[in-house]
There are 2 protein chains.
Amino acid sequence: MAGRSNGITVTSRVLAILGAFDAHHRHLSLSEISERADLPIATAHRLLAELTAGGMLERDADGTYEIGRRLWDLGLLASVEQDLREVALPFLQDVHASTGETVHFAVLDDDAALYIERVAGRASARVLSKPGARLPLHATGVGKVLLAFSGRSLRERALQSPQRLTAHTMTEPGRLRRELAEVRRRGFARTSEELTLGAFSVAVPVMTGEDSDLVGAIGIVTGTARKDLDRYVPVLHVAAKGIGRSLPPRASTERK
Amino acid sequence: MAGRSNGITVTSRVLAILGAFDAHHRHLSLSEISERADLPIATAHRLLAELTAGGMLERDADGTYEIGRRLWDLGLLASVEQDLREVALPFLQDVHASTGETVHFAVLDDDAALYIERVAGRASARVLSKPGARLPLHATGVGKVLLAFSGRSLRERALQSPQRLTAHTMTEPGRLRRELAEVRRRGFARTSEELTLGAFSVAVPVMTGEDSDLVGAIGIVTGTARKDLDRYVPVLHVAAKGIGRSLPPRASTERK
DNA sequence: GCCATGATTTCCGTTCAGTGGAAAGTTGTG
DNA sequence: CACAACTTTCCACTGAACGGAAATCATGGC
């Protein structure tokens, strides 16, 4: 915050303004934005006017600003993940149809599991994670899978500071290392209330069809669970294979 | 030179660059962007570097640019529609579960039907419209509903130039006007191959719970159809009611 | 290997768009 | 009606953005 030695480009200011918006701040007033983006009010005001004119932001009835449709359109185009969403969704729905449970699809994003699609349970089901959410790798089913089947360097990094989230979270590096080896061996991961009390999950990796590169992971989360969640593993494996086979030729997950 | 009298702000240039990306141009090289955005190469290059640094764009292995994760995140936050998506999705899934058909949810966007959510059929089902797509109002089920239940001014505007899309598209203003009156009367709309040959649909309006403002429309599209699609209408009505009731207090669709 | 072709990156002097303090306008509250 | 909080407009100064041009990098034809 307070003064980096970075460049003060208009672009960076625009970035700062857009960065003021997040899941908990979707409607912001001029002064809030000016505050959060650390910009003089007059400057923020002008940039906001320009962004609004361009459709990046929209003005609500009460004068607050919100993310505009233009950004939504652009977001839909976003990179690889959009292809994945397209491809994976029907398979996730198949899994949901045959199990009735909430199904998630996540990919690796730096050192978090990025949830890119979800097929939720019935209208009443409580939502644990929604698309776009980033959750820790060591405390989620999909996260453990992503860790287990990706490179050693990431894995070791993630084992450094495993944050405790519930009383059941695995936080000792040794314990986690063994857990991941086990996941690799048996081909799927489990969690029991490691992220949220009352939530259990299983997850399997999604690999490309041809060469077997890790693409992401799909998992089932439920609240009423015990270890017979394992019975879902075959269904998940079928879906994962299906997704892998349907992937465009060489759209592997290239990360710098 | 090339003087428009408009503002040549950095923001507008950024807009131009982002505008160079669309569904058919998701990976662009520097020179393509410079071309499409009508900016000098050096300028485009600098702005691209800034946008990339800010995470708005990402650089692919082959040097081309693509929409970055930052934009995707922002897009997910987008305005009213995001609330609608959240609220509607479970109901759409209920409809899908009980019918097995592809379910769509669309809202009015200027003079097009903007599809904001879809629950597709099985993996093999061919996709007619994906989230973010804009389709004509007069040739889709949801579109007819949106037209029928919204203001006269929009309706008359849409009746001006109804584009012919298939041999079955209704293009005579008089015919359409009668069709819309009929839709209003019976409470749902049908289409038969008016947008795409081999595609049939029914759709119903989604109104807010309290006062009855039009929010959007949900519909079912199928390829193997005849008019017994009507049997789905009750299910759709139930879902529409459910969505209406679940809407946040006063999040009606405010458009300028 | 060597030069032609085309794209990308860097450079840098000029200038004009961006800046932001301050003042004016608006809305709401007691 | 005075006061406070927020938004919008104004405008003189200045340094960031601009873009032509040159350097560098990538291909590929012979």
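Numbered from 1 within each chain, the chains take letters A, B, ... in sequence-line order.
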If you define the side chain from C-beta out and look only at heavy atoms, does anything of [X] sit under 4.5 Å from [Y]?
X        : Y        : value
A/Ile218 : A/His104 : no
B/Val142 : B/Leu135 : no
A/Thr196 : A/Thr166 : no
B/Ile17  : B/Leu39  : yes

Side-chain N,O (B/His45) to OP1/OP2 (C/dT9) below 4.0 Å: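 Yes, because at least one side-chain N or O of B/His45 sits under 4.0 Å from OP1 or OP2 of C/dT9.
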Span of DNA chain D in contact with chain A (heavy atoms, under 4.0 Å):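 Contact span on the strand: D/dC6 to D/dA17.
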Checking A/Glu58, A/His25, A/Arg59 against A/Glu66 for side-chain contact (heavy atoms from CB on, under 4.5 Å), the one that qualifies is A/Glu58
Among residues at least two apart in sequence or on other chains, which ones pass side-chain hydrogen bond (donor to acceptor under 3.5 Å, both in side chains) with B/Arg184?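 So B/Arg184 forms no side-chain hydrogen bond (donor to acceptor under 3.5 Å, both in side chains) with any residue.
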Test item: A/Glu32 side-chain N/O and A/Ser29 main-chain N/O as donor-acceptor pair under 3.5 Å: yes
From B/Thr208 OG1 over to B/Asp213 CG, what is the distance, rounded to the nearest 0.5 angstrom? 4.5 Å
Rounded distance (nearest 0.5 Å) linking atom CG of B/Leu71 with atom CH2 of A/Trp72: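 Separation between the atoms: 14.5 Å.
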Kindly calculate the angle separating the two end axes of the helix from C/dG1-D/dC30 to C/dG30-D/dC1, each obtained from five base pairs, and round it to 10 degrees.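 Roughly 40° between the end axes, to the nearest 10°.
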In B/S/- notation, 5' to 3', how is nucleotides 12-29 of chain C contacted by protein heavy atoms closer than 4.0 Å? -----SSBBB--------
Should B/Arg13 and B/Asp38 be marked as a salt bridge (charged side-chain N to carboxylate O under 4.0 Å, His left out) after you check the CA-CA gap, both sets of side-chain angles, and the distance that decides it? CA-CA 9 Å; B/Arg13 289 172 216 258; B/Asp38 194 27; over 6 Å; no
Is there a residue in residues 28-35 of chain A whose heavy atoms reach under 4.0 Å of DNA chain D, and which residues are they? A/Ser29, A/Leu30, A/Ser31
Residue A/Glu35 excluded, over 12 heavy atoms near CD under 6.0 Å: no
Table please: side-chain donor-acceptor pairs of residues 146-155 of chain A below 3.5 Å, with sequence neighbours left out.
residue  : atom : partner  : partner atom : Å
A/Ser150 : OG   : A/Leu146 : O            : 2.7
A/Ser150 : OG   : A/Leu147 : O            : 3.3
A/Arg155 : NH1  : A/Leu147 : O            : 3.3
A/Arg155 : NH1  : A/Ala148 : O            : 3.4
A/Arg155 : NH1  : A/Ser150 : O            : 2.7

